[in-house]
2 protein chains.
Amino acid sequence: MKRFSAHKDSPSEPNMSFEIKERDLLARIGRLRTKSGIVETPALLPVVNPAVQPIQPKAMGDELNCKAIIVNAYLIKRRLGEEAIRTGIHKLLDFDGVIMTDSGAYQILVYGEVETSPEEIVRYQEDIGSDIATILDVPTGWEASEDYARWTVEETLRRARALANVKTREGILWVGPVQGGRYIGLVEESARRMKELPFDIYALGSPTPVMEQYLFDLLVDMIAAAKANLPLDKPLHLFGAGHPLTFALAIALGCDLFDSAAYAIYAREGRYMTECGTIKLDRLKHLPCSCPVCAKDDLKNLLDMPKDERERQLARHNLYVCFAELKKVKQSIGEGRLWEHLTLRAYGHPALLTALKKLERYKDLLEKQAPVTKRGGLFFYGYVDLIRPEVVRHRRRLLERYSPPEGTILLLLPQAKTKPFHESEEVRAFFKALRQELGEKAEEIHVCTYAAPFGVVPTELDDVYPLSQHEVAMPLDAEMVEHVANCIAEYIRTKGYKRVILLNDVETWRGRVKVACRLACEEKGIPFDALEVKSYGRRWNEGTLRSSIALIKNALLGIPSA
Amino acid sequence: MKRFSAHKDSPSEPNMSFEIKERDLLARIGRLRTKSGIVETPALLPVVNPAVQPIQPKAMGDELNCKAIIVNAYLIKRRLGEEAIRTGIHKLLDFDGVIMTDSGAYQILVYGEVETSPEEIVRYQEDIGSDIATILDVPTGWEASEDYARWTVEETLRRARALANVKTREGILWVGPVQGGRYIGLVEESARRMKELPFDIYALGSPTPVMEQYLFDLLVDMIAAAKANLPLDKPLHLFGAGHPLTFALAIALGCDLFDSAAYAIYAREGRYMTECGTIKLDRLKHLPCSCPVCAKDDLKNLLDMPKDERERQLARHNLYVCFAELKKVKQSIGEGRLWEHLTLRAYGHPALLTALKKLERYKDLLEKQAPVTKRGGLFFYGYVDLIRPEVVRHRRRLLERYSPPEGTILLLLPQAKTKPFHESEEVRAFFKALRQELGEKAEEIHVCTYAAPFGVVPTELDDVYPLSQHEVAMPLDAEMVEHVANCIAEYIRTKGYKRVILLNDVETWRGRVKVACRLACEEKGIPFDALEVKSYGRRWNEGTLRSSIALIKNALLGIPSA
């Protein structure tokens, strides 16, 4: 069990409580060790309110495989006081998994104040036996002025520093909340300073209104600001994020834990969650889900239930949907395809696609942190995928680390349908003809493919992962075409070729590649030739092959370009 | 019960067996009446093979709410012969829902021939008590030459025509299969001629290899060719389409029935279906689904089962996924949001997005058939959505039916974040200032908003559905910007304005709108003024308002543009 050190100068002990097993983008699958067992992250901790609880914690564990829940220690204290201390929170809730407690901060946000002190609530959480506990932070909220927001940052930090002098026990994982709300600079500062304090878990507060208003692009900025300034080896909790809609996005940005009462609140309001939205009960014509509540599609039965029972079933469904989404996210992390999953979810609401596009701003952070591993084939749909670490990385490496054979002629072939490109029928026929016609002169030709989304792919590298292990939706969109054209131009400008020959697939590339090549060659002062070839997916004919070889022969003889 | 008429000259009776309840795109929710009950369409009929059946039909009905199954009458005949006639197919399979029978056509495809005749298999299906029966068609298959394909079309038609003389009973719904395979012209012809024969249900054959090779864009062409030439008031069955991946696409193009053994075949091969793909059992790290098989996420338990039991559970899961997807599709049809669902699915695999983009070719067919109804708010993600009937329809109507107030000055405002636009803060402030400054002269100004995806939205129409009832992902993609710029230019060219003033949101529209306006005005010979305003989502300041009014005053005074 990790021991706390209140002195920020003393080196903190290696963190034994959080072990990262797999990574993708900024996401990770981790194992968080607590005194009541291990929680696999990312995890959603359903908010349990003993006073109005549609599903008992034990059923959550038994039926839904839920390993951890969260309860509001402040409300428990007000209602049950000493009783909860005598019984212990696990027995009180009849739940033997992991119990996290919140501190009443939400009540500060709603009511302006709470009838407890930061010290009292820390002790109470210790006394009832919380596994994960939260200091009494001061949430920034959404309507806050920048001055007030700054004060919440400072006051939360003060209380965070005070923890070391208040706490009396070991074995509890303490959560240090980051404040700042929508003031991104404040979030950065709050995170940077909270990082100095030895919490086991960090948390980001106040995203609920941001999510309720579908300001997911702002959520991206908030999480990225916190994440970039917090220690990567500790879990990050996102307070109050309980809709499956946003899990993938938050996880991709490095959030590990979520808590929410949404499943129950939505159930009370007759709202049916889906992975990508919410449907009012009275707009349902089916139960569009396979969970045990919905499998039989018996909507009438659900509607005819007494209100309490219907609420209970709806809450169960909502939780099933939440947990299924987390399993999907985890499965996709394991496959190295979280970006694909994120993309899928982005098409659940335009505001989510707006948020995905916002990741453009953080693509270097993503590229830096995303693991370099060879896993499944990647799917590319369009220009938004240019944010992906794999694309950013290839372009950077090609520029910084790659040198083509010196003094050769660059021959640019359009991407073939088959991958790796050098094994495609067209390219093999081409290489064969090259060798037959040119003999060892063929060595003076360096063949590259131009392709979406990677831009230039030197043939000798084209089976390096993931340059061939991917699928691309056709036809390409304008931004993708422009990107590839720019990559080619950049490549020509920065490498030492003596001449460039382009086999130009006009239809697929809208003529943009040729223009970009020509400009780059002019700038560089080297000759440029282009020859039109059939578009993507169609076979080249003999004529194309012969004309190409003739062009290459001319180039080798140094005959000026047309 | 509908009676057959073999004479194509005699008018066929009104079709009582298929009632369409709701429509969206070319999809419909229908009720297909059979002698064993009603099937709500779209429906998937799981293939049941009594010899190797992982899930009993009764369990499909009880647990999965499955109302209809399909069985191969040819295989039943070979194995059980007279016994099945004595028992009757419903009792034999212990299933009291709807039973469709296939005829052995698949065996022709695989083995080249079958040990029965078209007449014999028609009689046998009558004798065992099929509810929906299929003539012994000759599937075109995938590898077929065009000549052979043509022969399969002719021979299937010959057998279809012969049905009237062979069949002896009423009360069975007969299926007329359309052939042609990947030869789209042949599919069209086959459908056109099959339409003349009085089948209760039409079917499209041979898509399985197309789907196995993920040639979904070709599938689009095949279904569209059949659908455009078949009667819209009859159900269309798509043979062998059993992956949830393709349901939305096929249904959107008007398919109503599916049959497939995929759930069982995949289970045998250890393949786990998801709504957007397939995962090999050994690559699963979770059970990323909420169905009763997967809810507890007990992968280890599944892997440790005896092979037969694991196959059974996997088949159950696969069916749950298939049925859940059908419920999602139906729910989305009911909400008028099938396009949104289709888009979501398109991001399950690049080949599906390629297929969605292929719908561009059929956008007029879609627009013509898609219902005009006011339902939920629409989501727009990017240029692919320009295929949507709502977009095509608005543009067409604006061109064909709309006349702005004669001789006015067109004032083009950029889209505001609030909708309807005329209720946004910016626009209201603008209108107020206009009235204050210009008095009744303000009548000479006609205000329109330019906006994605609808192009030009005259202010007086901006709360007509769905011009305000939608959300758009920002920032816009290049094709969307180009589309709106083209719409504006087209609008200016075709209407009778005497002058155009553009409030130009350069950042959102990349300068394209201004260029398009200027060119259109030059062509038209009318003055054009533009004023830069703040980009989408930011408030305009007083200065913008004042400059705009000044510009408008000049325009009203006839002062030449800058």
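These numbers come from the heavy atoms of this one structure, side chains and all, not from hydrogens, waters or symmetry mates.
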Novice: Need one label for A:Ala346: side chain, backbone, both or neither, based on atoms under 4.5 Å from any heavy atom in chain B.
Specialist: backbone

Novice: Quick one: do A:Glu482 and B:Arg510 satisfy salt bridge (charged side-chain N to carboxylate O under 4.0 Å, His left out)? Show the steps, please.
Specialist: CA-CA 15 Å; A:Glu482 208 54 38; B:Arg510 308 179 189 195; over 6 Å; no

Novice: Against chain A, work out which of B:Ile29, B:Leu287, B:Asp217, B:Thr274 has the most heavy-atom pairs shorter than 4.5 Å and name it.
Specialist: B:Leu287

Novice: Rounded to the nearest 0.5 Å, how far does CG of A:Leu476 lie from NZ of B:Lys357?
Specialist: 7.0 Å

Novice: Can you check whether B:Arg345's main-chain N or O pairs, donor with acceptor, with A:Tyr347's side chain at less than 3.5 Å?
Specialist: no

Novice: Name the option with the most non-hydrogen atom pairs under 4.5 Å to chain B; the candidates are A:Leu356, A:Leu353, A:Val384.
Specialist: A:Leu353

Novice: I'd like to check A:Ile279 versus B:Glu335 (side-chain heavy atoms, cut-off strictly below 4.5 Å). Are they in contact?
Specialist: yes

Novice: For A:Asp477 and B:Tyr383, work out which heavy atoms get closest and say how close.
Specialist: CB-OH, 3.4 Å

Novice: Heavy-atom distance under 4.5 Å to chain B: side chain of A:Lys328, backbone, both or neither?
Specialist: both

Novice: Is the shortest heavy-atom distance from the side chain of B:Cys291 to the side chain of A:Cys291 under 4.5 Å?
Specialist: no

Novice: Is it the backbone or the side chain of B:His349 that comes under 4.5 Å from a heavy atom of chain A, or both, or neither?
Specialist: both

Novice: How about A:Pro350 and B:Phe380: do any of their side-chain heavy atoms sit closer than 4.5 Å?
Specialist: no

Novice: Which atom pair, heavy atoms only, marks the closest approach of B:Tyr320 to A:Ala295?
Specialist: CE2-CB, 3.5 Å

Novice: Shorter than 4.5 Å, heavy atoms on both sides: which option in B:His470, B:Glu325, B:Glu479 has the most such pairs with chain A?
Specialist: B:Glu479

Novice: Do the non-hydrogen side-chain atoms of B:Lys358 and A:Met474 ever get within less than 4.5 Å of each other?
Specialist: no

Novice: Minimum heavy-atom separation for A:Asp297 to B:Lys327, with atom names?
Specialist: CG-CD, 3.2 Å

Novice: At a heavy-atom separation under 4.5 Å, does A:Glu63 approach chain B through its side chain, its backbone, both, or neither?
Specialist: backbone

Novice: Keeping the roles fixed (side chain from A:Glu471, backbone from B:Ala351), state whether a donor-acceptor pair exists under 3.5 Å.
Specialist: no

Novice: Roughly how far, to the nearest 0.5 Å, is CD of B:Gln331 from NE2 of A:His286?
Specialist: 7.0 Å

Novice: Can you run down the salt bridge (Lys or Arg N to Asp or Glu O under 4.0 Å) pairs that involve residues 277-293 of chain A, sequence neighbours left out, and say none if there aren't any?
Specialist: A:Lys285-B:Glu22

Novice: Counting heavy-atom pairs under 4.5 Å to chain A, which of B:Asn65, B:Val293, B:Leu326 comes out on top?
Specialist: B:Asn65

Novice: Counting only non-hydrogen atoms closer than 4.5 Å, does A:Asp298 touch chain B with its backbone (N, CA, C, O), its side chain (CB onward), both, or neither?
Specialist: neither

Novice: Heavy atoms only, distances under 4.5 angstrom: which of A:Val329, A:Leu64, A:Leu284, A:Val472 has the most pairs with chain B? Name it, please.
Specialist: A:Leu284

Novice: Over all heavy atoms of both residues, which pair between B:Cys289 and A:Ser290 is shortest? Give the atoms and the distance, please.
Specialist: SG-OG, 3.9 Å

Novice: Side chains of A:Leu344 and B:Cys276: closer than 4.5 Å at any heavy-atom pair?
Specialist: yes

Novice: Please flag which part of B:Phe323 lies under 4.5 Å from any non-hydrogen atom of chain A: side chain, backbone, both or neither.
Specialist: neither

